[in-house]
Protein chains: 2
Amino acid sequence: MDLRTLRYFVAVAEELHFGRAAARLHMTQPPLSRAIKQLETDLGCELLRRSPTGVALTPAGAALLDEARTLLARAEQARARVVAAAGTATLTIGTLADSAELAGTRLAAAYRHHHPGVDVRVREADFTDPTAGLRAGLVDVALTRSPFDDTGLVTHVLRSDPVAAVLRSDDPLAGRDSLRLQDLADRRWFRFPEGVDPIWRAFWAGPSGRDHDGPVVRTAHECQQAVLWNGSVGLMPHGHHPLPEGLTAVLLADMPPSHLVVAWRGADPGPLIRSFIRIAVSVHRPARGASAEAAAL
Amino acid sequence: MDLRTLRYFVAVAEELHFGRAAARLHMTQPPLSRAIKQLETDLGCELLRRSPTGVALTPAGAALLDEARTLLARAEQARARVVAAAGTATLTIGTLADSAELAGTRLAAAYRHHHPGVDVRVREADFTDPTAGLRAGLVDVALTRSPFDDTGLVTHVLRSDPVAAVLRSDDPLAGRDSLRLQDLADRRWFRFPEGVDPIWRAFWAGPSGRDHDGPVVRTAHECQQAVLWNGSVGLMPHGHHPLPEGLTAVLLADMPPSHLVVAWRGADPGPLIRSFIRIAVSVHRPARGASAEAAAL
DNA sequence: CGGCAACGATACCGGTCCGGTATCGAGGGC
DNA sequence: GCCCTCGATACCGGACCGGTATCGTTGCCG
């Protein structure tokens, strides 16, 4: 008799309909039927009377519905009290470029919902520091993009995105399905400020070895502006971000994908950070490429 | 946060020692450590301070210890109330021969412990009915021995035992490691009463086709007495039962094993009986030959 | 009265989690 | 300095969970 099964039972007992209860629980009907049957086996008594016309509560089922409701409420209280006893905690998330959108919406919402007592702060970094303040100790955990120098850090890939070139929609190449870096060799390229991680620069700053004379950009937004107004070439991960009017993204066929990662300083991240990592991974279910670190939390 | 994990935490918090807590929980230390760590991740706060000198509770841990104790107690109460609301239930177990010993000790004890409110009755049958009253509707579930006519019944093997001949200890064959049926061909064989299941008779009553003139036996005890006082040959499962003074069991090499089974009438056994089957299987862990019916409960 | 729709039960499959064994690593004690 | 204790980690096999596909029964309706 665990709390999960009790939640299942409450749903069925309230709906008096396995299918609707399953929908309410965001699952399908067969495992729910099985779980209720196991609960009945465990308790040793019938909880629901199934008849073709519908489902009815037995006396034992009615009793369990009442007990389970209070028990689940108590469990919630207990959780809240324990977290309160732990004192106010703060988690600072560093974000970079497009990961800010992720952190600001689903992920931060899910995390705040899971840990109501935690003070969650988000710090947006620019390209100057691809670790988004992680290495500098300004944040506890970072949502950022590969590649960067990750010595001393642990990273876990949330998603892999192909890289696209950002062009003005009136660009002759804007209609193409995909491009190669060569196709853009004669364009102006933006530049990164001094002091940017060389690994990051080598990946994102276009063909190395060339003289770059384009505008200096510090954020994804500045990068887009540079394309619009200076005719520079921009690079960005493909497929997840709406572009402003007048810009078009075209897949770059000969660049390796960029990884959206969650990163933390090694050596026992602590429960708050572990929980953040776990939630980040679960929110990002589509990326099934689970790696070792996240499995170990 | 489920009840199982809370039980784990209470054990560790009370012992302040992972190894001892694991022993108390009848498990080993590594999964316990992992479970506590996951609980900390889930709650998002540290519960225990591990130091080389020992384990200490953090404030949050102390709070959880208190909350978990009351929560677990509530859960126990809830369980008791639900089964009480179900009304008094009765489970009648039929036993045959040596299965009575099993039913009367570990299994019935485990079942009564799991379902304190259930009125458990045990009915011992004799060889006249190998289903131990199951087919006659006298019992809800039977612990018995194969082989017998099981049409309409579902059986699950708990254990397989080789068959032994029971001899007087002063018998010339009593010292042998094993025998064949032929070695006993010239002995007197006991007889079963009229009306015994023919499948059962064919297996246990010795070489068929011979004239049997030995004593009529109805129980395993009578069978042993027949050996002691009438010089008849007895058969019994080997290896689990102490023999009375003066008797020796010798393995019969050319007989198929006999199965100790739990049997019930098909078509939805009902929660009480399902629970009994589950407990019977789990008590009998050594027999790993899990079959389909028991998996489905 | 026969097809149909609804609904819970069952069969089966793949992924995850749990508990086990073996081993590591860090701190005290002799 | 060596060992011994104790919690953490790595890894593995089996169980459990949730999913899809399908069945059996029942009541309804043309």
Side-chain angles (χ1 to χ4, degrees), chain A residues 2-5 7-8 11-13 15-42 46-56 154 266-271 274 278 281-282 285 287-297, chain B residues 2-5 7-8 11-13 15-23 25-42 46-56 154 266-271 274 278 281-282 285 288-297:
Chain A
D2 63 323
L3 297 176
R4 181 181 52 87
T5 312
R7 266 182 277 272
Y8 288 3
V12 176
E15 299 284 347
L16 290 178
H17 187 290
F18 279 78
R20 280 194 295 274
R24 196 170 114 183
L25 294 165
H26 306 294
M27 62 190 291
T28 53
Q29 170 257 326
L32 181 58
S33 287
R34 188 177 40 181
I36 300 297
K37 186 170 186 175
Q38 282 170 348
L39 180 61
E40 287 176 316
T41 302
D42 176 50
E46 208 178 20
L47 298 170
L48 299 168
R49 184 66 48 100
R50 288 88 156 164
S51 80
T53 72
V55 176
V154 184
D268 186 20
R274 286 204 307 271
R278 162 175 286 193
V281 171
S282 71
R285 270 288 170 241
R288 287 297 178 113
S291 85
E293 308 88 89
L297 268 199
Chain B
D2 64 322
L3 297 177
R4 181 181 52 85
T5 312
R7 266 183 278 272
Y8 288 2
V12 176
E15 300 284 345
L16 289 177
H17 187 290
F18 279 78
R20 280 194 295 276
L25 294 164
H26 306 295
M27 63 189 293
T28 53
Q29 170 258 324
L32 181 58
S33 286
R34 188 177 39 183
I36 299 297
K37 186 171 185 175
Q38 281 171 348
L39 180 61
E40 287 177 316
T41 301
D42 176 49
E46 206 178 21
L47 299 170
L48 298 168
R49 185 65 49 98
R50 288 89 156 167
S51 81
T53 74
V55 176
V154 184
D268 186 21
R274 285 205 307 271
R278 162 174 287 194
V281 171
S282 72
R285 272 285 169 244
R288 285 299 178 110
S291 86
E293 308 89 86
L297 268 199

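All values below were derived from every heavy atom in this structure, side-chain atoms included, with hydrogens, water molecules and symmetry-related copies excluded. Reminder, nothing fancy here: chain letters follow the sequence lines and each chain counts from 1. For clarity, every value in this text was computed on a predicted model and none was experimentally measured.
Residue A:R4 has no polar side-chain atom (N or O) positioned under 4.0 Å from OP1 or OP2 of D:dC16. Taking side-chain N and O atoms only, B:Y8 has no distance below 4.0 Å to OP1 or OP2 of C:dC18. For B:R50 and C:dA26, the shortest distance from a side-chain N or O to OP1 or OP2 is not below 4.0 Å. Residue B:S33 places none of its side-chain N or O atoms closer than 4.0 Å to OP1 or OP2 of D:dG7.
Remark: B:D42 CG to A:R274 CZ distance equals 11.0 Å, nearest 0.5 Å. Note that the CG atom of A:L32 and the OG1 atom of A:T5 stand 10.0 Å from one another [nearest 0.5 Å].
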Table please: side-chain donor-acceptor pairs of residues 16-25 of chain A below 3.5 Å, with sequence neighbours left out.
from: A:H17; atom 1: ND1; to: A:G19; atom 2: N; distance (Å): 3.1
from: A:H17; atom 1: ND1; to: A:R20; atom 2: N; distance (Å): 3.0
from: A:R24; atom 1: NH1; to: A:E14; atom 2: OE1; distance (Å): 3.2
from: A:R24; atom 1: NH1; to: A:E15; atom 2: OE2; distance (Å): 3.1
from: A:R24; atom 1: NH2; to: A:E14; atom 2: OE1; distance (Å): 2.7

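Distance B:R278 CZ to D:dA15 C1': 11 Å, rounded to the nearest Å. One interatomic measurement links the two molecules: NZ of B:K37 to C1' of C:dC18, which rounds to 16 Å at whole-angstrom precision. Rounded to whole Å, atom P of C:dC17 lies 8 Å from atom CD of B:Q38. Atom pair A:D2:CG and C:dC18:P shows a separation of 11 Å (rounding to whole Å applied). Distance, A:L32 CG to C:dA9 C1': 12 Å, rounded to whole Å. The CZ atom of B:R34 sits 12 Å away from the C1' atom of D:dA8 (whole-angstrom rounding). Distance CD (B:E15) to P (D:dT5): 18 Å, rounded to an integer number of Å. Rounded to whole Å, the distance from CD1 on B:I36 to P on D:dG7 is 12 Å.
At a threshold of 4.0 angstrom between heavy atoms, the contacts of B:R20 with the nucleic acid are absent. A:T28 comes within 4.0 angstrom of a nucleotide base, judged by non-hydrogen atoms across all strands.
Between the B:E40 side chain and the B:L48 main chain, a donor and an acceptor come within less than 3.5 Å of each other.
For the salt bridge (Lys or Arg N to Asp or Glu O under 4.0 Å) test, no residue two or more places apart in sequence or in another chain qualifies with B:R7. Not counting sequence neighbours, the partners of A:A13 by the side chain to side chain contact (heavy atoms under 4.5 Å, CB included) test are A:F9, A:L57, A:L65.
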If a protein heavy atom is under 4.0 Å from the base, mark B; if only from the sugar-phosphate, S; if neither, -; do that for nucleotides 22-30 of chain D going 5' to 3'. ----S----
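Considering only the side chain of B:M27, C:dG20 comes nearest among D:dG18, C:dG20, C:dA9.
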Dump every N/O contact between nucleotides 3-5 of chain C and the protein below 3.5 Å, one line per pair.
none

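Between the two ends of the helix from C:dC1-D:dG30 to C:dC30-D:dG1, each summarised by a five-pair axis, the helix axis turns through 10° (rounded to 10 degrees).
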